[in-house]
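Values reported hereafter were calculated over all heavy atoms of this structure, with side chains retained and with hydrogens, waters and symmetry mates removed. Within every chain, numbering begins at 1; the chains are lettered A, B, ... in the order of the sequence lines, protein sequences first and strands thereafter.
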Number of protein chains: 2
Amino acid sequence: MHAFPKSSVTVDLIVFTITDNSLKVLLIKRGIEPFKNMWALPGGFVLEDESLEDAAKRELVEETGVKDIYLEQLYTFGEPGRDPRGRVITVAYFALINSQIQKIRASTDVSEAQWYSVNKIPKLAFDHKKILDYGLQRLRWKLEYTTVGFQLLPKTFTLSQLQNIYEIILHKQLDKRNFRKKLLSLDIVEESGEFTEGVSHRPAMLYKFKKRIGEIIEIL
Amino acid sequence: MHAFPKSSVTVDLIVFTITDNSLKVLLIKRGIEPFKNMWALPGGFVLEDESLEDAAKRELVEETGVKDIYLEQLYTFGEPGRDPRGRVITVAYFALINSQIQKIRASTDVSEAQWYSVNKIPKLAFDHKKILDYGLQRLRWKLEYTTVGFQLLPKTFTLSQLQNIYEIILHKQLDKRNFRKKLLSLDIVEESGEFTEGVSHRPAMLYKFKKRIGEIIEIL
DNA sequence: CCAAAAGTGTTAGTGATACACCCATGT
DNA sequence: ACATGGGTGTATCACTAACACTTTTGG
């Protein structure tokens, strides 16, 4: 029988949002060694008495001030040598924040936090580039085959806003009529009765997601 | 800044195979406490200098004697209290073994190893029931949308054998003509030129998977 | 009246489903 | 000759993809 080796376990968060017609990821500038002053995914150690998901939620609140958002376990990275401090295993989570609530808060070991467009990611600490790429892949996949996309929108939204999210994340143009036809046939949104206001063109109907906020369904 | 708490990290394996027209999972009877003499998923502690995947492969060889089989990370379970020995985080992997090679070997802390049909699973140690259910769900999903199914077959196989695997795992009947039409249209198998022998009915063409063994492709 | 985004239908093609009979072999 | 599983084609239906003009508002 082997001894029971122990490792440090962390959670890392890939927090996505959409602003200015671009998909953004939250990065923090590390305030401590190792990789001090380098950009990294937010994250931290899992405490003794909390579950992995609780740890992810706690870090999210500590570093962004938001809670009750969509959170999903992504993958666990545990190559020996991925952290110079010794054996550290990290469980990566990905989170989606809607474009309204992004008041980022700084925490103890975070000197700075910032949204970066996924096309302009600086060099990242640890193996965070790899983790981020994996998260992006998962996001694209989930967007096509589930309703996660709604998590990036406020409670009511126009169909064009929704289509925009798809176009930005999948970076391809979609046909407006086909998009709407498909979406409406799924019977997962309903008209709110309200319209956009103050736009210098025809106002758009605001829709709402029929399902519970946070609920994701497969649309294969 | 928090202290850096340490946890034990294990890998658990969900090893599937198909025999006797039934989907089987490998279970071991625990030779040591906790849960001594209870059935559990094979697995063990991750050593200091090995990656998670290496740990999974090592355990697989130790407990089944097989290597070079399909292995995929499933999910990481880390509820506090899931192991009475203290905080233990487990990274679950799932593996598929083809029906030829299942010579199970016993290892030090394993008093017995056995294939159990997924319909007749005994009470399991720890939260292994939950882990197994998750693995089953993933297997069904992957079977429908990727080519993992081939991992359960020997190098050459008949189309009926393949269809059988689908029917067993998804537990529903499939139409023979449609199944073959779809499969052949994907252009991922080719005739080997050989036929089954010694059957008391028309011999069947043996096909082989065009891709590298172990390669999985999406067929959405 | 101009600019800007909202909204709306039809057609053609592709893939999915449903369905029944003949073939090759061993006993 | 019979039992057993192997092997094949066609018609219908549902979904996807391509495509262009009219509407409503603010300035």
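- Using a distance-only test at 3.5 Å, with no hydrogens or angles considered, a donor-acceptor pair links the side chain of Arg82(A) to the main chain of Val88(A).
- Put simply, the side chain of Thr147(A) gets close to the backbone of Ile217(A): a donor and an acceptor are under 3.5 Å apart.
- Residues Lys155(A) and Tyr207(A) fail the side-chain proximity criterion, which asks for heavy atoms closer than 4.5 Å.
- The distance from atom CG of Leu186(A) to atom P of dA14(D) is 17 Å, rounded to the nearest whole Å.
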Worked verdict on Glu53(B) versus Gln73(B) for side chain to side chain contact (heavy atoms under 4.5 Å, CB included): CA-CA 8 Å; Glu53(B) 187 166 324; Gln73(B) 189 185 303; over 6 Å; no

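- Between Arg58(A) and Glu50(A) there is a salt bridge, since a side-chain N of the basic residue sits under 4.0 Å from a carboxylate O of the acidic one.
- With rounding to whole Å, Leu206(A) atom CG is found 12 Å from dA6(C) atom C1'.
- Going from atom CG of Leu184(A) over to atom P of dG7(C) covers 10 Å, rounded to whole Å.
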Dump every N/O contact between nucleotides 22-27 of chain D and the protein below 3.5 Å, one line per pair.
from    : atom 1 : to        : atom 2 : distance (Å)
dT23(D) : O2     : Arg202(A) : NH1    : 3.2
dT24(D) : O2     : Arg202(A) : N      : 2.8
dT25(D) : O2     : Ser200(A) : O      : 3.4
dT25(D) : O2     : His201(A) : N      : 3.4

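- Atoms CD (Glu197(A)) and P (dA5(C)) sit 18 Å apart, rounded to a whole Å.
- The aromatic rings of Tyr134(A) and Phe77(A) sit perpendicular, their planes meeting at an angle over 60°, well past the 30° parallel limit.
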Determine, for nucleotides 9-17 of chain C in 5'-to-3' order, which nucleotides have protein heavy atoms under 4.0 Å from the base (write B), from only the sugar-phosphate (write S), or from neither (write -). BB-----SB

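- In this pair, Phe94(B) and Phe16(B) present their aromatic rings perpendicular. The plane angle is above 60°, beyond the 30 to 60° band.
- Look at Glu144(A) and Arg140(A) and you find no salt bridge, because none of the NZ, NE, NH1 or NH2 atoms lies under 4.0 Å from a carboxylate O.
- Between Lys142(B) and Glu72(B), at least one side-chain nitrogen of the basic residue sits less than 4.0 Å from a carboxylate oxygen of the acidic one, meeting the salt-bridge criterion.
- Rounded to whole Å, the distance from CZ on Phe195(B) to C1' on dC23(C) is 12 Å.
- DNA chain C is contacted by Ser160(A) of residues 155-173 of chain A, taking any non-hydrogen atom closer than 4.0 Å.
- In this structure, Phe179(A) atom CZ and dA5(C) atom P are separated by 17 Å, rounded to whole Å.
- To the nearest 0.5 Å, the span separating OG on Ser117(A) from CD1 on Ile168(A) amounts to 10.0 Å.
- Atoms CD and CD, from Glu215(A) and Gln151(A) in turn, are 10.0 Å apart once rounded to the nearest 0.5 Å.
- One can place CG of Leu174(A) at 14 Å from P of dA6(C), the figure rounded to the nearest angstrom.
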